Enquirer: 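Pasting in a structure now, in structure tokens, and then I'll have a few things to ask.
The analysis underlying the following values was restricted to heavy atoms, covering all of them including side chains, and did not include hydrogens, waters or symmetry mates. Not measured: the values here are computed from a predicted model.
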Amino acid sequence: MSDERRDLAWLRGRLAALLAAHFRDVPEGLPIDVRWGRSARRRFGSIVARDDRSLIVINGAFRDPDVPAFVVDATLAHELAHYAHGFGSGLPRLHEHPHRGDVVGREVRARGLEPLAERARQWEEVRWPQFVQQNAADRPRSSSARAWEAYLSAPGKRDAAELEQLAARVASAFGLEAPPFAVRWLPATLRHEATSYYERAQRQVALHGLLADRRVPEQVAVAELAYWTACAGFGAGPARATALIERAGLRAVAVRAERWRRAAWTSWRRRHHPLARG
């Protein structure tokens with residue numbers, strides 16, 4: 001355990017060191033601010049454009065010296081990769097989706113940061129669940145957690161068991177005995193724009209909680225699960241994932257789901273998000 005003081009100046013220093021050593025060639029977009037956020041179980045960092053600034057927020061739990069500094073550095077590097085790709089930075093978007101196709105991983109590797117990322121990944125996989133358990137006792141639930149609990153328990157929603165059944169059905173279509181990951185409904189913030197996320201440290205796929213509504217076509221959830229099954233189960237990138245999905249007999253489902261996402265997802269999210277009501 002270290003006795004270092006992890007204040008805002010410490011965090012800014014870690015960011016400045018990474019920028020100078022590994023991201024000096026990135027074009028200048030919005031000026032970068034960084035701050036500590038609230039403690040969270042699953043979201044390690046985020047980046048968003050706000051008030052003509054690029055704001056990086058790091059999980060407040062990482063202020064604890066029991067979390068190695070290299071985990072903070074790896075999280076900052078992840079968000080700086082998003083910055084370089086035009087997400088939250090004001091720079092041109094280089095990719096349609098911030099994560100799919102391992103675009104962040106490829107950026108990190110290209111900048112010589114793969115050892116840092118792998119070291120952090122191993123710590124996250126082995127030690128993070130224990131850290132969360134030790135620090136979560138008696139922590140009161142937030143208002144957003146209560147709002148999502150009410151939303152997901154309301155009539156007309158797919159429950160966790162149904163999501164697991166969908167994942168098992170998709171895995172079977174790929175010839176797998178079981179899904180290559182756990183699944184859950186994500187109690188998303190308003191900044192979660194994607195329909196699903198892969199949480200590598202937990203080997204878990206989180207589908208946006210709004211997809212639990214039965215008015216959303218089931219094929220949307222199936223297509224998300226199919227994509228991550230191809231990626232996590234076979235190590236596929238986007239091109240190979242498409243081929244594997246077609247081989248599994250799910251190509252038509254994926255096409256219909258993509259049409260729904262393009263036509264309806266943004267407006268659905270704005271109308272039905274439980275944190276946007278009132």
Side-chain angles (χ1 to χ4, degrees), residues 1-125 127-128 131 189-194 197-201 237:
M1 179 176 176
S2 169
D3 61 355
E4 65 188 343
R5 182 183 177 189
R6 295 190 177 182
D7 55 11
L8 185 56
W10 181 90
L11 185 61
R12 286 172 174 165
R14 308 301 296 196
L15 176 68
L18 280 167
L19 282 167
H22 297 282
F23 291 87
R24 293 178 64 181
D25 64 312
V26 175
E28 184 176 352
L30 296 175
I32 301 175
D33 289 336
V34 64
R35 67 173 175 84
W36 294 111
R38 294 181 298 179
S39 295
R41 292 187 178 211
R42 297 181 175 89
R43 193 174 183 85
F44 286 3
S46 64
I47 183 169
V48 64
R50 181 179 298 167
D51 299 327
D52 295 323
R53 311 283 291 186
S54 181
L55 176 63
I56 294 176
V57 180
I58 301 299
N59 190 339
F62 291 179
R63 284 178 293 191
D64 191 319
D66 282 343
V67 177
F70 62 76
V71 174
V72 179
D73 291 345
T75 305
L76 287 166
H78 182 108
E79 302 310 327
L80 288 173
H82 285 317
Y83 183 96
H85 294 168
F87 293 95
S89 65
L91 296 171
R93 291 268 179 108
L94 302 184
H95 306 284
E96 182 177 357
H97 190 279
H99 291 101
R100 289 188 175 176
D102 191 34
V103 293
V104 172
R106 286 191 278 119
E107 185 75 31
V108 166
R109 289 190 290 274
R111 295 183 178 279
L113 290 166
E114 184 174 14
L116 172 71
E118 178 60 22
R119 191 181 179 196
R121 186 197 66 77
Q122 292 177 4
W123 185 90
E124 293 159 13
E125 185 173 325
R127 299 296 305 277
W128 178 244
F131 178 90
T189 69
L190 293 173
R191 290 198 298 268
H192 283 103
E193 297 182 357
Y197 297 84
Y198 183 61
E199 298 167 334
R200 188 176 62 174

Enquirer: Would you mind reporting whether Leu15 and Leu80 have side-chain heavy atoms less than 4.5 Å apart?
Expert: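 In contact.
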
Enquirer: As an exercise, state the distance from CD1 of Ile56 to OG of Ser46, rounded to the nearest 0.5 Å.
Expert: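 The distance works out to 8.5 Å.
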
Enquirer: What I'd like to find out is whether the side chain of Arg111 reaches to under 4.5 Å of the side chain of Val26, using heavy atoms alone.
Expert: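 Yes, at least one pair of side-chain atoms sits under 4.5 Å.
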
Enquirer: If we only count heavy atoms from C-beta on, is the Phe23 to Tyr83 side-chain gap below 4.5 Å?
Expert: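 Of all side-chain heavy-atom pairs linking Tyr83 with Phe23, none is under 4.5 Å.
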
Enquirer: Considering all heavy atoms of both residues, which atom of Ser39 and which atom of Gly60 are nearest to each other, and what is their separation?
Expert: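 Closest approach of Ser39 to Gly60: OG-C, 3.7 Å.
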
Enquirer: Tell me which pairs pass salt bridge (Lys or Arg N to Asp or Glu O under 4.0 Å) where either residue lies in residues 43-62, with sequence neighbours left out.
Expert: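 The answer is Asp33-Arg53.
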
Enquirer: For Thr75 versus Val71, what's the shortest heavy-atom pair and its separation?
Expert: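 Heavy atoms only, the tightest pair is OG1-O, 2.8 Å.
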
Enquirer: Which heavy atom in Leu30 sits nearest to a heavy atom in Ala49, and how many Å separate them?
Expert: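 Heavy atoms only, the tightest pair is CD1-CB, 3.8 Å.
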
Enquirer: Test: salt bridge (Lys or Arg N to Asp or Glu O under 4.0 Å). Region: residues 84-106. Which pairs qualify, not counting sequence neighbours?
Expert: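 Checked against salt bridge (Lys or Arg N to Asp or Glu O under 4.0 Å) - neighbours excluded - the pairs reaching residues 84-106 are Glu96-Arg262, Arg100-Glu224, Asp102-Arg109.
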
Enquirer: Once rounded to the nearest 0.5 Å, what's the spacing between atom CG of Leu8 and atom CZ of Arg63?
Expert: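 Spacing of CG (Leu8) from CZ (Arg63) equals 10.0 Å.
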
Enquirer: Give, for atom CH2 of Trp128 and atom CZ of Phe62, the distance between the pair rounded to the nearest 0.5 Å.
Expert: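 So the gap between those two atoms works out to 5.0 Å.
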
Enquirer: Got a second to check how far Leu91's CG is from His85's NE2, nearest 0.5 Å?
Expert: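 Here the rounded value is 11.0 Å.
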
Enquirer: Taking atom CZ of Arg191 and atom CD1 of Ile47, what is their separation to the nearest 0.5 Å?
Expert: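 Reported to 0.5 Å precision, the distance equals 11.0 Å.
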
Enquirer: Can you give me the closest heavy-atom contact between Pro115 and Gly112, atom names plus distance?
Expert: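 Looking at all heavy atoms of both residues, the closest pair is CD-O, 3.9 Å.
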
Enquirer: Please report the closest heavy-atom contact between Val103 and His97, naming both atoms and the distance.
Expert: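 Looks like CG2-O, 4.1 Å.
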
Enquirer: With heavy-atom distances below 4.5 Å as the criterion, would you say the side chains of Ile58 and Leu11 are in contact?
Expert: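 Sidechains of Leu11 and Ile58: in contact.
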
Enquirer: Roughly how far apart are Phe70 CZ and Leu76 CG, rounded to 0.5 Å?
Expert: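 Separation between the atoms: 14.0 Å.
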
Enquirer: Determine the interplanar angle of the Trp36 and Trp10 rings, folded into 0 to 90°, and report it as parallel if under 30°, tilted if 30 to 60°, perpendicular if over 60°.
Expert: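 Plane angle under 30°, so parallel.
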
Enquirer: Looking at Arg121, I'd like to know if its CZ atom is crowded, meaning that more than 12 non-hydrogen atoms belonging to other residues, nucleotides or ligands lie closer than 6.0 Å.
Expert: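 Yes, enclosed.
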
Enquirer: Check whether the ring centres of His99 and His78 lie less than 6.0 Å apart, and answer yes or no.
Expert: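 Centroid separation for His99 and His78: below 6.0 Å.
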
Enquirer: Would you indicate whether Arg42, at its atom CZ, is surrounded by more than 12 heavy atoms from other residues, nucleotides or ligands within a distance under 6.0 Å?
Expert: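 Yes, CZ of Arg42 has more than 12 neighbouring heavy atoms, counting only those of other groups under 6.0 Å.
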
Enquirer: Under the salt bridge (Lys or Arg N to Asp or Glu O under 4.0 Å) rule, what pairs show up with a residue in residues 68-80, not counting sequence neighbours?
Expert: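 Sorted pair list: Arg14-Asp73.
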
Enquirer: Identify the two heavy atoms, one from Ala84 and one from Leu94, that lie closest to each other, and give their separation to 0.1 Å.
Expert: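 Answer, listing the atom of Ala84 first, then Leu94: O-CD1, 3.6 Å.
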
Enquirer: Would a 4.5 Å heavy-atom cut-off, applied to side chains only, mark Pro98 and Val104 as touching?
Expert: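 In short, these two side chains do not touch, never coming nearer than 4.5 Å.
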
Enquirer: Do Leu19 and Ile32 have side chains that get closer than 4.5 Å, going by heavy atoms?
Expert: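 Contact flag for Leu19/Ile32 side chains = yes.
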
